[in-house]
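Working notes, structure below.
We name chains A, B, ... by the order of the sequence lines, and we start the count at 1 in each one.
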There are 2 protein chains.
Amino acid sequence: MKSQHAIQCRLRALRRSRPGLTQQALADQVGVTRQTILSIEKGNYSPTVGLALKLARVLDVAVEDLFSLPEGEDDV
Amino acid sequence: MKSQHAIQCRLRALRRSRPGLTQQALADQVGVTRQTILSIEKGNYSPTVGLALKLARVLDVAVEDLFSLPEGEDDV
DNA sequence: AAAATATGTAAAATTAACTTGACATAAAGT
DNA sequence: ACTTTATGTCAAGTTAATTTTACATATTTT
């Protein structure tokens with residue numbers, strides 16, 4: 001189930017901007033299974049920082065470019 | 001137990017650079033318990049991206065400034 | 001159109017993140 | 001010295017991330 005507090009994820013778009021970078025290929029590069037990539041792209045859940053850092057590195061973007069908090073989550 | 005693939009975490013130093021920012025205060029601001037902050041600072045585990053983004057926002061730094069992958073983890 | 005590759009769905013199992021609560025030590029304030 | 005506030009430790013429980021496996025549907029290639 002998708003968590004309610006889900007963060008925004010631009011993984012799919014960024015991955016597809018890299019020709020030939022398949023889910024499996026990306027999964028191999030960051031050391032997870034294809035299911036994990038798929039689930040993150042689908043928004044089923046969001047990764048841990050470690051994985052986020054690896055994904056950002058492979059895609060050559062900042063973590064903040066890959067994932068971002070939904071607006072209006074600033075209230076205490 | 002600290003995971004072997006642990007990422008580097010500069011949370012404690014950054015938190016302490018903010019006078020008055022106690023573990024409890026930080027925990028409240030990002031919506032977790034004090035134990036979670038303590039465990040992350042101690043390196044017991046690393047947070048999910050969502051929490052990492054919130055911590056980075058409160059501390060006004062980039063996620064990459066707070067957490068970073070250990071060097072030499074670039075081999076396939 | 002058949003074969004191969006890429007993506008999607010779904011469920012059970014495992015591991016790790018996070019919580020709760022209780023107590024112990026350290027530091028700071030009065 | 002006492003009280004308060006901040007940090008640390010430990011254990012058990014809950015929830016979420018990740019794996020594994022298996023199959024289904026697209027998409028691409030020949």
Side-chain angles (χ1 to χ4, degrees), chain A residues 1-59 63-70 73-76, chain B residues 1-59 63-64 66-70 73 75-76:
Chain A
M1 287 176 185
K2 308 190 183 199
S3 36
Q4 304 76 342
H5 51 284
I7 69 180
Q8 289 177 234
C9 173
R10 291 179 265 294
L11 180 56
R12 170 152 308 189
L14 283 165
R15 177 178 61 84
R16 286 192 169 153
S17 72
R18 303 261 167 153
L21 186 57
T22 159
Q23 290 176 346
Q24 184 65 61
L26 180 56
D28 290 344
Q29 287 195 55
V30 298
V32 296
T33 61
R34 184 177 67 86
Q35 281 301 326
T36 298
I37 301 296
L38 178 55
S39 290
I40 294 171
E41 285 191 353
K42 282 282 172 176
N44 292 25
Y45 48 74
S46 47
T48 53
V49 217
L51 180 49
L53 285 166
K54 290 178 186 174
L55 289 170
R57 188 178 56 185
V58 168
L59 295 168
V63 171
E64 286 86 352
D65 294 326
L66 245 183
F67 304 97
S68 57
L69 295 168
E73 192 163 341
D74 299 272
D75 51 347
V76 179
Chain B
M1 288 176 185
K2 309 192 181 195
S3 36
Q4 303 78 340
H5 52 284
I7 69 179
Q8 289 178 233
C9 172
R10 291 178 264 293
L11 180 55
R12 170 152 310 188
L14 283 165
R15 177 178 63 82
R16 286 192 169 154
S17 73
R18 304 261 168 151
L21 186 57
T22 158
Q23 289 176 347
Q24 184 65 61
L26 180 56
D28 290 344
Q29 287 195 56
V30 298
V32 296
T33 61
R34 183 178 68 86
Q35 281 301 327
T36 298
I37 301 296
L38 177 55
S39 290
I40 294 170
E41 286 190 353
K42 282 281 172 177
N44 291 28
Y45 49 74
S46 47
T48 53
V49 216
L51 180 50
L53 285 166
K54 289 178 186 174
L55 289 170
R57 188 178 55 186
V58 168
L59 295 168
V63 171
E64 286 85 352
L66 244 183
F67 304 97
S68 57
L69 295 168
E73 192 162 345
D75 51 348
V76 178

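- No side-chain heavy atom of B:Thr48 sits less than 4.5 Å from a side-chain heavy atom of A:Ile7.
- Remark: P of D:dT7 and CD of B:Glu41 are 8 Å apart, rounded to the nearest angstrom.
- For A:Thr22, the side-chain atoms get nearest to C:dA6 when compared with the rest of C:dA6, D:dG8, C:dG8.
- Rounding to whole angstrom units, CG of residue B:Leu26 and C1' of D:dA6 are separated by 14 Å.
- The CG atom of B:Leu51 sits 18 Å away from the P atom of C:dA16 (whole-angstrom rounding).
- For B:Arg16, taking side-chain heavy atoms from C-beta onward, the closest of the listed nucleotides D:dT7, C:dT7, C:dT19 is D:dT7.
- The nearest whole Å value for the distance from the CG atom in B:Leu38 to the C1' atom in C:dT19 is 13 Å.
- Using a 4.5 Å cut-off on side-chain heavy atoms (C-beta onward), A:Glu64 and A:Leu69 make no contact.
- The separation between B:Gln23 atom CD and C:dC18 atom P is 15 Å, rounded to whole Å.
- For A:Arg34, whose side chain is taken as the heavy atoms from C-beta onward, the closest listed nucleotide among C:dT19, D:dT18, C:dG8 is C:dG8.
- Listed pair A:Thr33 / D:dT19 meets the phosphate criterion, a side-chain N or O lying under 4.0 Å from OP1 or OP2.
- Considering only heavy atoms from C-beta on, A:Leu59 stays 4.5 Å or farther from A:Asp65 through its side chain.
- Distance CD (B:Gln24) to P (C:dT20): 12 Å, rounded to an integer number of Å.
- What separates CG of A:Asp28 from C1' of D:dT18 is a distance of 15 Å, to the nearest Å.
- Listed nucleotides C:dA17, D:dT19, D:dG8 differ in distance to B:Ser46; the shortest reach to its side chain belongs to C:dA17.
- Of the possible polar contacts, one joining the B:Arg15 side chain to the B:Leu21 backbone as a donor-acceptor pair under 3.5 Å is found.
- For the pair A:Ile37 CD1 and C:dA6 C1', the computed distance is 14 Å after rounding to whole Å.
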Dump the intermediate steps for side chain to side chain donor-acceptor pair (under 3.5 Å) on A:Ser68 and A:Arg10, then the final yes or no.
CA-CA 9 Å; A:Ser68 57; A:Arg10 291 179 265 294; 3.0 Å; yes
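- A donor and an acceptor atom never sit less than 3.5 Å apart when one is taken from the side chain of A:Gln35 and the other from the base of C:dT7.
- Heavy-atom nearest nucleotides on DNA chain D were determined for B:Arg12 and for B:Thr48, and the one closer to the 5' end corresponds to B:Arg12.
- Neither OP1 nor OP2 of C:dT7 sits under 4.0 Å from any side-chain N or O of A:Lys42.
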